[in-house]
Amino acid sequence: MTSKNEIARILHEIADLLELQDVAFKPRAYRAAARQVRTTSKGTDELDSLEVLTAMDGIGESIGKKILEIIETGSLDYLESLRKKVPGTMVELVKLNGVGPKTAIKLRRELGITSIDQLENAARDGKLRDLDGLGKKTEQNIIDAIDFFRAHQGRSITGHVMDVVTKLKENFSSIEGVDDVVIAGSYRRGRATVGDLDYVILSSNPAIVNESVINLNIVSKVRAAGKKKTSIIIEQGLQVDIRYFTLESYGAALLYFTGSKNHNVKLRKVAIDKGLKLNEFGLHDGETQERIAGRTEKEVYGALGMEWITPEIREDRGEVEAAMEGRLPELVTRENIKGMFHVHTSWSEGNDTIQEMAVACRDAGYEYVAICDHAGSLGIAGGLMDDEIRDQINKIHDVDTKLDGITLLTGIEANIDSEGHLDVQQEILDDLDVVVASIHTGFNQSREKITERILTAMANDAVTIIGHPTGRLLTKRDSYDIDLDKVFERAAGLGTWMELNAYPTRLDLSGSNCMKAKRAGCTIAIGSDAHDIAHLRYMTLGIKTARRGWLEPGNVANTKGVDELSL
DNA sequence: GCCGTTTTCGGCCCGACTGTTTTCAGTCG
Ligand SMILES: Nc1nc2c(ncn2[C@H]2C[C@H](O)[C@@H](COP(=O)(O)OP(=O)(O)OP(=O)(O)O)O2)c(=O)[nH]1
Ligand SMILES: [Mg+2]
Ligand SMILES: [Mg+2]
Ligand SMILES: [Zn+2]
């Protein structure tokens, strides 16, 4: 059976191909439908009737029937016919900065160009400058865009840019005439990866400030620089977008630049329905254009009839409706987090001793920490063999007795083998407080097989947490193929916790998967997976991800006190 | 292609910057 992700991928591809034929509005409709399919809490097997499908927002008769065809036959005639009309490589073209659907279509029509390689040859041969609407500058811009695309494509891991974000803020703040600097965009929303960094700068003299900004020595390229916004490239090809605003617009500006785009569009529709107009300068009367709100985000939301919405959930996934009806959830916060699961020490491949890790957790304000080093029977490098785990249990008890102010829990990160069994003696597992069971091998097994491995692992009473349940490594490796709906349902029944692994390259479960897990009735344990005390700070990413999944304190195991854990 | 407590047809968010153009299209945020 075709998975929801695969159906969504097909709908996306249709949108891309339609866009490259200059079809209006349909691409948006297909993308909206794809989003619905990807995020629905219904299982694929429930999507087998037109009634169910068309009941979903953004899915009508036409797309509904196409989804049915995909589910029933595994393919889609409409997609095949589109693929015949538009070469697949053409979607590369619009990934280039400055090249959109109109240009791509023109390039194909006038010069037969359908790939980046062909475009590069034509540009270097000076063939683009004579096209209607293009010129020498555009030709050079396209050459630059191709170079840039090849050198640095892709998004950045949020945990890896945290220091850059702080440094930039300091840089901008120290410029004469800058009154405030706020990081907005996907970073403020707490996404696991960011496409760029977006800053709102408060200033009554943007012209002078902008001059200083583009002359900072961190700037490697100025993409665009105008009176109200500027876009620069800094180290490693990271793009930084800046918008300048004044106080009366500051809230509306933050709202706009924090996004998401879908959230913005939804708010603007709400405004229209009320006879108003929302832009980044404020909320305005539709007729007189008089400003109604704009100084703070709260003021704008309020004037639209809503409570203030926390940035992490501004994704148009029901938060606008919830805010209008006054039923926004109270999301988990750092203050709610009492304990730390899943840290590594020098006993396996961590950098710090049990004692050092425990002290760092205590000083960070946690009441307990579960030491969960790698088990090694499956050949995991640096992992502990059974006798070493026994020794470590004694050591952990030892440190726990001697150290005040924090409780140490014994634990292990055991490996789920290709049959779903764990690579640690059952007797030991039964003794441990916290058993994290993770898949570290056999990623290429079938969806059925991998799902079955996890279900088998969960059937083991000793297992507390399923570690990084999808196995994704951000920007490196996709998740293995797994039926999460099934896993969540079983986990909810058994009381097994799902990990939200807070390590920057994982953040697994993702926010949207946390949301599904919550709806299924699961408890989520935020695991730091720290291999060094310096990694403990990444818990903030884990908490933001949990908030993105609409998790409330009651959904998160770490909010329990050590006596309430019932391990 | 989807949608509708003002609509079943006619909208679909709104604005800044660039490069090309003699008044604005295209792209991007
Ligand atoms: N109203 C409106 N706002 C937009 C649009 N595109 C972007 N924005 C706003 C919302 C975005 O969060 C914000 C920054 O744009 P970005 O392209 O940097 O997106 P964002 O940071 O959300 O994601 P990213 O990780 O950078 O890909 O600008 C748009 O088409 N319409
Ligand atoms: Mg951004
Ligand atoms: Mg941006
Ligand atoms: Zn692991």
Side-chain angles (χ1 to χ4, degrees), chain A residues 11 14-15 18-19 21-36 53-67 78 82 93-107 128-142 144-145 184-186 194-200 206 210 214 222-232 239-245 249 252-284 286 289 304 316 320:
Chain A
L11 296 175
I14 292 172
L18 287 172
E19 205 161 60
Q21 295 189 89
D22 207 18
V23 176
F25 301 110
K26 289 191 192 186
R28 174 191 308 189
Y30 277 95
R31 290 195 179 108
R35 224 165 94 89
Q36 283 301 316
L53 287 164
T54 54
M56 292 165 69
D57 228 27
I59 299 181
E61 176 112 357
S62 172
I63 295 182
K65 282 184 175 158
K66 291 184 174 73
I67 294 174
Y78 180 61
L82 283 175
L93 296 180
V94 294
K95 290 185 186 158
L96 297 171
N97 216 287
V99 179
K102 307 279 183 195
T103 309
I105 289 166
K106 184 182 291 173
L107 290 167
L128 302 187
R129 63 186 67 178
D130 300 328
L131 293 182
D132 255 9
L134 276 70
K136 282 181 92 164
K137 280 189 176 168
T138 305
E139 190 174 81
Q140 187 56 46
N141 285 344
I142 284 176
D144 293 347
S186 49
V194 292
D196 64 4
L197 299 177
D198 304 285
Y199 286 89
V200 174
N210 197 40
I214 61 183
V222 178
R223 293 180 66 235
K227 287 191 166 72
K228 301 181 176 182
K229 67 187 248 191
T230 247
S231 182
I232 58 179
Q239 179 175 323
V240 180
D241 292 335
I242 298 157
R243 285 212 55 168
Y244 305 102
F245 288 94
S249 298
L254 279 173
L255 197 51
Y256 154 72
F257 220 29
T258 298
S260 66
K261 175 188 171 183
N262 286 330
H263 182 79
N264 289 353
V265 170
K266 176 66 141 259
L267 290 184
R268 288 169 184 211
K269 281 181 184 158
V270 171
I272 292 170
D273 287 344
K274 292 179 182 292
L276 308 171
K277 183 181 74 172
L278 177 62
N279 60 23
E280 61 266 51
F281 302 106
L283 184 65
H284 310 266
Q289 300 299 316
L304 287 171
D316 188 22
V320 170

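Chain naming here is simple, since letters A, B, ... match the order of the sequence lines and numbering starts at 1 in each.
Taking 4.5 Å as the limit, every side-chain heavy atom of A/T103 sits out of range of all side-chain heavy atoms of A/T138. Inter-residue side-chain proximity for A/L304 and A/L278 is flagged as met; some heavy-atom pair is nearer than 4.5 Å. Using a 4.5 Å cut-off on side-chain heavy atoms (C-beta onward), A/R243 and A/T230 make no contact.
Taking only side-chain atoms of A/A29, from C-beta outward, the nucleotide of B/dC3, B/dC2, B/dC17 with the closest atom is B/dC2. Out of B/dC28, B/dG19, B/dT27, the shortest distance to the side chain of A/R223 is found at B/dC28. Among the nucleotides B/dT18, B/dT27, B/dG29, the one closest to any side-chain atom of A/A224 is B/dT18. Candidate nucleotides B/dT27, B/dC13, B/dA16 were compared by shortest atom distance to the side chain of A/K102, and B/dT27 ranks first. When the nucleotides B/dC17, B/dG15, B/dG29 are ranked by their closest atom to the side chain of A/D241, B/dG29 comes out on top.
Using a cutoff of 4.0 Å between basic side-chain nitrogens and carboxylate oxygens, A/K228 and A/E280 are not scored as salt-bridged.
The shortest distance between the side-chain N/O atoms of A/T138 and the OP1/OP2 oxygens of B/dT20 is below 4.0 Å. The phosphate of B/dG1 (OP1 or OP2) has a side-chain N or O of A/K66 nearer than 4.0 angstrom. Residue A/N264 places no side-chain N or O under 4.0 Å from the OP1 or OP2 atom of B/dC14. At the phosphate of B/dG1, OP1 or OP2 sits under 4.0 Å from a side-chain N or O atom of A/S62. Considering only side-chain N and O atoms, A/R129 lies nowhere under 4.0 angstrom from the phosphate OP1 or OP2 of B/dT20. Applying the 4.0 Å criterion to OP1 and OP2 of B/dC28, one finds that A/K229 has every side-chain N and O outside that range. Listed pair A/Q239 / B/dG29 meets the phosphate criterion, a side-chain N or O lying under 4.0 Å from OP1 or OP2.
At the heavy-atom level, A/D132 lies nowhere under 4.0 Å from the strands shown. Contacts of A/K261 with the nucleic acid, taken as non-hydrogen atoms under 4.0 Å apart, include base atoms. Nucleic acid contact class of A/A225 (heavy atoms, under 4.0 Å, all strands): sugar-phosphate only. Using a 4.0 Å heavy-atom criterion, one finds that A/K228 contacts the sugar-phosphate atoms exclusively. Nucleic acid contact for A/I272: sugar-phosphate only, since backbone atoms but no base atoms lie under 4.0 Å from a heavy atom of the residue. Among the atoms of the strands shown, none is found under 4.0 Å from any heavy atom of A/P27. Among the protein residues, A/L96 comes within range of the sugar-phosphate backbone only, with heavy atoms under 4.0 Å from sugar or phosphate atoms but none that close to a base. When heavy atoms are screened at a 4.0 angstrom cut-off, A/S231 is found touching no nucleic acid atom at all.
Between B/dC13 and B/dC17, the two P atoms lie 22 Å apart (nearest whole Å). B/dG10 sits 24 Å from B/dG15 when the C1' atoms are compared, rounded to a whole Å. Rounded to whole Å, the C1' atom of B/dT21 lies 12 Å from the corresponding atom of B/dG26. Rounded to a whole angstrom, the distance from the P atom of B/dT20 to that of B/dT27 is 13 Å. Atom name C1', nucleotides B/dT18 and B/dC12: the rounded distance is 26 Å, in whole Å.
Aromatic ring centres of A/F281 and A/F245: separated by under 6.0 Å.
A syn orientation is assigned to B/dT7, its glycosidic angle lying within 90° of 0.
Between A/F25 and B/dC2, no base-stacking contact is recorded for ring centres under 5.5 Å apart and planes less than 30° from parallel.
Under the Watson-Crick or G-U wobble criterion, with both distances below 3.5 Å, B/dG10 is paired with B/dC3.
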Worksheet item: After noting the C-alpha distance and the side-chain angles of A/D241 and A/Y199, does the key distance pass the side chain to side chain donor-acceptor pair (under 3.5 Å) rule?
Response: CA-CA 6 Å; A/D241 292 335; A/Y199 286 89; over 6 Å; no
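One can find a donor-acceptor pair under 3.5 Å joining the base of B/dG29 and the side-chain atoms of A/Y256. A donor-acceptor contact under 3.5 angstrom links the side-chain atoms of A/R268 to the base of B/dC14.
Comparing A/G135 and A/V265 against DNA chain B, the residue whose closest nucleotide sits nearer the 5' end is A/V265. Nearest-nucleotide mapping onto DNA chain B: of A/K136 and A/D198, the residue sitting toward the 5' end is A/K136.
Contact record, A/N279 with A/R268: CA-NH2, 3.7 Å, taken as the closest heavy-atom pair.
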